[in-house]
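Residue numbers start from 1 in every chain, and the chains themselves are labelled A, B, ... in the order their sequence lines are given, proteins ahead of strands.
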Protein chains: 2
Amino acid sequence: MPIPSEHQRPTRVTAKESAFTQLQQWIIDGTLQPGEKLNDIELAEALGVSRTPIRESLQLLEVQGFVKMYPGKATQVTEVDKESINDLLPPLAAMQALSTELAAPNLDENVIIELEETNNRFAKAVQKEDYFTALKIDEDFHQIIVDQAANKYIHSIVASLQTHVRRLFFHNSIILTEKSIDEHKDIIRLLTEGNGEKAASIMRENWLRAIDEFHSKKTD
Amino acid sequence: MPIPSEHQRPTRVTAKESAFTQLQQWIIDGTLQPGEKLNDIELAEALGVSRTPIRESLQLLEVQGFVKMYPGKATQVTEVDKESINDLLPPLAAMQALSTELAAPNLDENVIIELEETNNRFAKAVQKEDYFTALKIDEDFHQIIVDQAANKYIHSIVASLQTHVRRLFFHNSIILTEKSIDEHKDIIRLLTEGNGEKAASIMRENWLRAIDEFHSKKTD
DNA sequence: AACCAATATATTGTATATAAAAATTTCATC
DNA sequence: GATGAAATTTTTATATACAATATATTGGTT
């Protein structure tokens, strides 16, 4: 009998986990507004759980920088400072560039194909001006490269920074331009040629350019 | 009346905070061994608090990668893989290099003096072969630069990676060589001259070199 | 003796109760 | 009416009680 390979742990989803995911989503998409005061009991009732998993989630969200807890006083959603993009993107660009360098030696044919397919889907979304979908696909594209770098520290840093980028997107409409499509193509080509250094350089530019575009589009 | 400028919140130290700090320290210094199974109740008794702050601390430690929780099963201290230095230092080097670049334009006289003094203390510790103190002072040196970069995302990323470096130090005796002293001097000089790019480059090398030194010294 | 099932035990996750602190309101005094 | 102190309310932090799940143990059957 071929044992069905579902031995990826069927770990039950805990109340804490689902509460965390939901609260994070609410903060990212603005359901929970910046500055809003968070009340344990209200949230617990809203999610149908007790205060314990709520409080545990809030503590994790504090580490991520989505809420700030003033012990004994209050817990509130952090502000969304548009200018934080200036602080957010340089480290993210550095991590993505490093990922590209590390990924370069390990890339096999299938990954290249996956990158190309993802970039095609990205191009379609941008052309349709479906920027929300485009952002998600763009994340996928970069995630493939980060995964290839096979470095758990980078992985977790990028994941954390990405959630903040996503929040800024929801609040201020980050725009992904057609230029990204070509840059992605360049990166794929350079990776295929084994030129990790140059690919990393384009990758960095790809991210840092978003800072300027974000500022030039003050049209909320 | 000049109000005494102690309006930095006198926030009371919560049980959770002290438990977290203590547990982290125990994991870093090896009191809690890699792979060791952690029991809520035991830890609670040992620290004289209830399970709640212990569990909250463990969850934060999981985010940091010091423990792994298997919901419903067990919580254990993560392993210390010597080879993880290969994964740990490249992103840390990248963040430190970026910090150097960002700090360069903002440096005033006092900070330069502080860097020089810190490096002098570092040199003394290395020469005395007091490597534990040297590591701490080395952290101070780099922290000054990270602080000058004034970027909260970088700040928190570096803080997190540094704790893992410290753990590796305790478990495998990372050695800081005399070469670091000179590199620090170079960095200070280049920063004084306003050459942030070159300073960042030396900074990166300073960190990446530690990988080789770590490997060459297999003598536990 | 080996294996399996059923029970017991231990350990975790969640809910609730209690304690401590801060914010707010009330009331008295100037 | 304004100010300040005391008391009340609200909210947070911690402890404990309860429930659910996994592990260990026991005992029976082959």
*Under 30°, 30 to 60°, or over 60°: which ring-plane class applies to B/Phe122 and B/His184, parallel, tilted or perpendicular?*
tilted
*Got a sec, which residues hit salt bridge (charged side-chain N to carboxylate O under 4.0 Å, His left out) with A/Arg204, two or more places apart in sequence or on another chain?*
none
_Can you see whether A/Arg167 engages A/Ser84 through a side-chain donor-acceptor pair at a distance of less than 3.5 angstrom?_
no
_Of residues 32-45 of chain B, the positions that come close to DNA chain D - non-hydrogen atoms, cut-off under 4.0 Å_ = none
List, one per line, each side-chain donor-acceptor pair under 3.5 Å for residues 39-48 of chain B, sequence neighbours excluded.
unit_1  : atom_1 : unit_2  : atom_2 : d
B/Asn39 : OD1    : B/Ile41 : N      : 2.8
B/Asn39 : OD1    : B/Glu42 : N      : 3.2
B/Asp40 : OD2    : B/Arg51 : NE     : 3.4
B/Asp40 : OD2    : B/Arg51 : NH2    : 3.2

_Partners passing side-chain contact (heavy atoms from CB on, under 4.5 Å) against A/Glu101 (at least two apart in sequence or in another chain)_ = A/Ala200
*Can you sort out the partners of B/Trp207 under ring-ring contact (aromatic ring centres under 6.0 Å, His included), two or more places apart, ordered by chain and number?*
B/His142
*What's the NZ-P distance between B/Lys73 and C/dT12, to the nearest Å?*
13 Å
*asked:* For the backbone of B/Ile157 and the side chain of B/Ser160, can you confirm whether one donor and one acceptor N or O come within less than 3.5 Å of each other?
replied: no
*Using the test ring-ring contact (aromatic ring centres under 6.0 Å, His included), find all partners of A/His155 that sit at least two apart in sequence or belong to another chain.*
none
*Could you check how far NZ of A/Lys16 sits from P of D/dA19, rounded to whole Å?*
23 Å
List, with names and distances, any nitrogen or oxygen atoms from the protein found under 3.5 Å away from nitrogen or oxygen atoms belonging to nucleotides 15-19 of chain C.
unit_1 : atom_1 : unit_2  : atom_2 : d
C/dA15 : OP2    : A/Ser50 : N      : 2.6
C/dA15 : OP2    : A/Ser50 : OG     : 2.7
C/dA15 : O5'    : A/Ser50 : OG     : 3.4
C/dA15 : N7     : A/Thr52 : OG1    : 2.7

_Residues in contact with DNA chain C, drawn from residues 55-62 of chain A - heavy-atom cutoff 4.0 Å_ = none
*Does B/Phe20 have B/Lys16 sitting over its ring (NZ/CZ under 6.0 Å from centre, angle to axis within 45°)?*
no
*A/Gln76 CD - D/dT11 C1' separation (whole Å)*: 14 Å
_Going by salt bridge (charged side-chain N to carboxylate O under 4.0 Å, His left out), name the pairs with one or both residues in residues 109-119 of chain B, residues two or more places apart or in two chains._
none
*Roughly how far, to the nearest 0.5 Å, is the CD atom of A/Gln59 from the CD atom of A/Gln64?*
13.5 Å
*Who passes ring-ring contact (aromatic ring centres under 6.0 Å, His included) against B/Phe169, sequence neighbours left out?*
none
*Those residues that, when tested against B/Thr75, pass side-chain contact (heavy atoms from CB on, under 4.5 Å) (two or more places apart)*: B/Leu38, B/Leu58, B/Val67, B/Met69
*If you fit an axis to the five pairs at each end of the helix from C/dA1-D/dT30 to C/dC30-D/dG1, how big is the angle between those two axes, to 10 degrees?*
0°
